[in-house]
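Note on naming: letters A, B, ... go to the chains in the order of the sequence lines (proteins, then strands), and numbering restarts at 1 for each one.
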Protein chains: 2
Amino acid sequence: MAKTAGRPPRSESDIAEYRSKIAKQALAIYRAEGFDAVSMRRLAKEVGCAPMTIYAHFEGKHDILRYLWADVLADMSSEIQGKLERIDAPAERLQMAAQTFVSYWVDHPDHFRLVFMSNDVTRSDVSTFVMDEETLAHFQMFSDLVQDILQNESNVKASTDTLISGMIGIALCLNTIRDYPWTDVKMMTDRLLRSTISPVYTAP
Amino acid sequence: MAKTAGRPPRSESDIAEYRSKIAKQALAIYRAEGFDAVSMRRLAKEVGCAPMTIYAHFEGKHDILRYLWADVLADMSSEIQGKLERIDAPAERLQMAAQTFVSYWVDHPDHFRLVFMSNDVTRSDVSTFVMDEETLAHFQMFSDLVQDILQNESNVKASTDTLISGMIGIALCLNTIRDYPWTDVKMMTDRLLRSTISPVYTAP
DNA sequence: CATTAATATAGAACGCGTGCTAAATAAAAT
DNA sequence: ATTTTATTTAGCACGCGTTCTATATTAATG
């Protein structure tokens with residue numbers, strides 16, 4: 001198999017470097033000016049390439065935004081970890097984590113939009129919006145907290161999934177349907193916990 | 001107070017008529033071709049007015065989309081009612097309603113996006129996205145179903161709100177984070193119910 | 001009539017995401 | 001140096017939501 005003539009494809013490291021360069025700049029813009037400020041044209045200008053070049057490295061805008069998730073999720077995760085430091089009792093830990101989780105998304109609508117609402121629902125393309133392992137880890141944390149309370153393995157995943165989606169739902173409702181007189185966020189979160197971990201969980 | 005000269009403001013009925021004419025056409029487009037097909041320019045063309053005229057009657061696109069909610073919610077509501085017809089036991093009724101509710105949004109991503117994700121989260125403008133009474137009624141239904149099970153009045157609203165936001169959260173997660181291996185939808189919904197109505201609810 | 005105020009209009013503009021094409025450039029083999 | 005191939009580029013295009021301005025048009029008053 002002789003090497004073909006012509007310019008060889010970019011090395012994988014080059015590709016990764018370019019991608020991360022773009023993603024990094026996108027993050028900088030997002031951090032400084034929020035969701036709406038991140039546009040393909042501007043991003044290209046700040047990266048120093050033509051707008052079309054970005055499309056050679058990413059599927060589209062959604063594919064770039066995905067890289068901002070990690071930053072937001074890490075921020076959220078660290079906020080939760082901070083609150084958890086001085087708490088030992090498993091039930092209280094889960095409770096604090098859940099309350100902090102919901103509060104985070106309610107208090108940061110832009111972050112919520114980025115992670116949970118910037119998906120192009122139209123596309124059923126499976127390859128878009130992959131949850132990489134790093135991203136998953138931040139949700140896994142809840143699984144651990146639940147596990148400390150529930151022993152039954154099979155229930156842990158179901159409970160955790162329900163808890164997470166339920167919490168995200170609370171945040172979504174608070175973010176989008178603002179004028180409906182929702183029950184106090186803490187109370188809703190608490191109620192959600194109660195049902196998720198019903199057998200063992202005791203209300204504070 | 002003498003009447004001022006010049007053309008008088010449009011009568012309220014005229015304004016309402018024009019608004020409903022635009023909203024009606026928007027609904028027609030949405031029904032026929034879905035979310036993405038509804039655009040201001042096209043809507044204006046089909047209504048037979050200039051694009052700018054619409055902005056004299058609506059705050060913006062989000063203000064128009066709001067009018068499509070009613071249609072979708074009515075559709076969802078009737079689907080639930082249909083399923084409820086032959087069920088008498090309160091717990092089973094609530095269970096069926098919840099399952100149908102979640103399934104509806106999971107099966108109709110476009111509808112979900114319209115109602116729960118087309119909000120401009122950036123705006124903290126309270127006047128945008130008002131839940132009118134007709135719209136609220138469709139959610140009120142769940143309050144009634146919960147009431148049939150729980151007697152404590154104060155718990156009914158908290159339980160219902162938690163249930164609704166939780167169900168919406170399940171739908172959101174299924175719609176947006178597709179590649180995460182979520183627990184079976186029915187199971188999550190069931191688990192959500194269990195915690196919401198924990199004291200009385202019995203698993204099937 | 002003319003005047004006046006409310007409304008509707010056309011038309012341009014801005015920036016957006018994204019696709020297409022044709023030209024330029026870069027890096028290898030010959 | 002020339003050829004060959006990969007990549008990037010510029011530039012145009014489409015339709016989008018939205019804002020602005022200037023120009024009708026409409027319906028009341030005097």
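Between the CZ atom of B/Arg19 and the C1' atom of C/dT7 there is a distance of 16 Å, given to the nearest Å. Across the protein-nucleic acid pair, B/Ile54 atom CD1 and C/dA10 atom C1' stand 15 Å apart, rounded to whole Å. Separating the CD atom of A/Glu59 from the C1' atom of C/dT18 is a distance of 13 Å, rounded to the nearest angstrom. The distance from atom CD1 of B/Ile15 to atom C1' of C/dA6 is 11 Å, rounded to the nearest whole Å. Atom-to-atom, NZ of B/Lys45 to C1' of C/dA10 comes out at 14 Å; the value is rounded to the nearest Å. As a whole-Å value, the separation of A/Lys21 NZ from D/dT8 C1' is 13 Å. Following rounding to the nearest Å, A/Met52 (CE) and D/dG11 (P) show an atom-to-atom distance of 14 Å.
Neither OP1 nor OP2 of C/dT7 sits under 4.0 Å from any side-chain N or O of B/His57.
No more than 12 heavy atoms of other residues, nucleotides or ligands lie within 6.0 Å of CD in B/Glu17, so this atom counts as exposed by the packing criterion.
If you run side-chain contact (heavy atoms from CB on, under 4.5 Å) between B/Phe112 and each of B/Thr176, B/Val72, B/Asn175, B/Val106, only B/Asn175 comes through.
Both B/Pro51 and A/Pro51 lie near DNA chain C, and the one whose nearest nucleotide falls closer to the 5' end is B/Pro51.
B/Tyr18 comes within contact range of the sugar-phosphate backbone alone, with a heavy-atom separation under 4.0 Å but no base atom that close.
Within the structure, no pair that satisfies the ring-ring contact (aromatic ring centres under 6.0 Å, His included) test touches residues 31-50 of chain A, not counting sequence neighbours.
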Audit row: A/Lys186, A/Asp190, salt bridge (charged side-chain N to carboxylate O under 4.0 Å, His left out) steps and yes/no: CA-CA 6 Å; A/Lys186 283 177 188 158; A/Asp190 194 61; over 6 Å; no
Salt bridge (charged side-chain N to carboxylate O under 4.0 Å, His left out) evaluation trace for A/Arg31 with A/Asp75: CA-CA 12 Å; A/Arg31 276 222 192 93; A/Asp75 185 45; over 6 Å; no
All N/O contacts under 3.5 Å from nucleotides 15-17 of chain D to the protein, with atom names and distances to one decimal?
| unit_1 | atom_1 | unit_2 | atom_2 | d |
| --- | --- | --- | --- | --- |
| D/dC16 | OP1 | B/Ser39 | OG | 2.7 |
| D/dG17 | OP1 | B/Met40 | N | 3.1 |
| D/dG17 | OP1 | B/Lys61 | NZ | 2.9 |
| D/dG17 | OP2 | B/Met40 | N | 2.7 |
| D/dG17 | N7 | B/Arg41 | NH1 | 2.5 |
| D/dG17 | O6 | B/Arg41 | NH2 | 3.0 |

Distance-only criterion, 3.5 Å: show the donor-acceptor pairs between side-chain atoms of residues 50-58 of chain B and protein atoms not counting sequence neighbours.
| unit_1 | atom_1 | unit_2 | atom_2 | d |
| --- | --- | --- | --- | --- |
| B/Thr53 | OG1 | B/Ala50 | O | 3.3 |

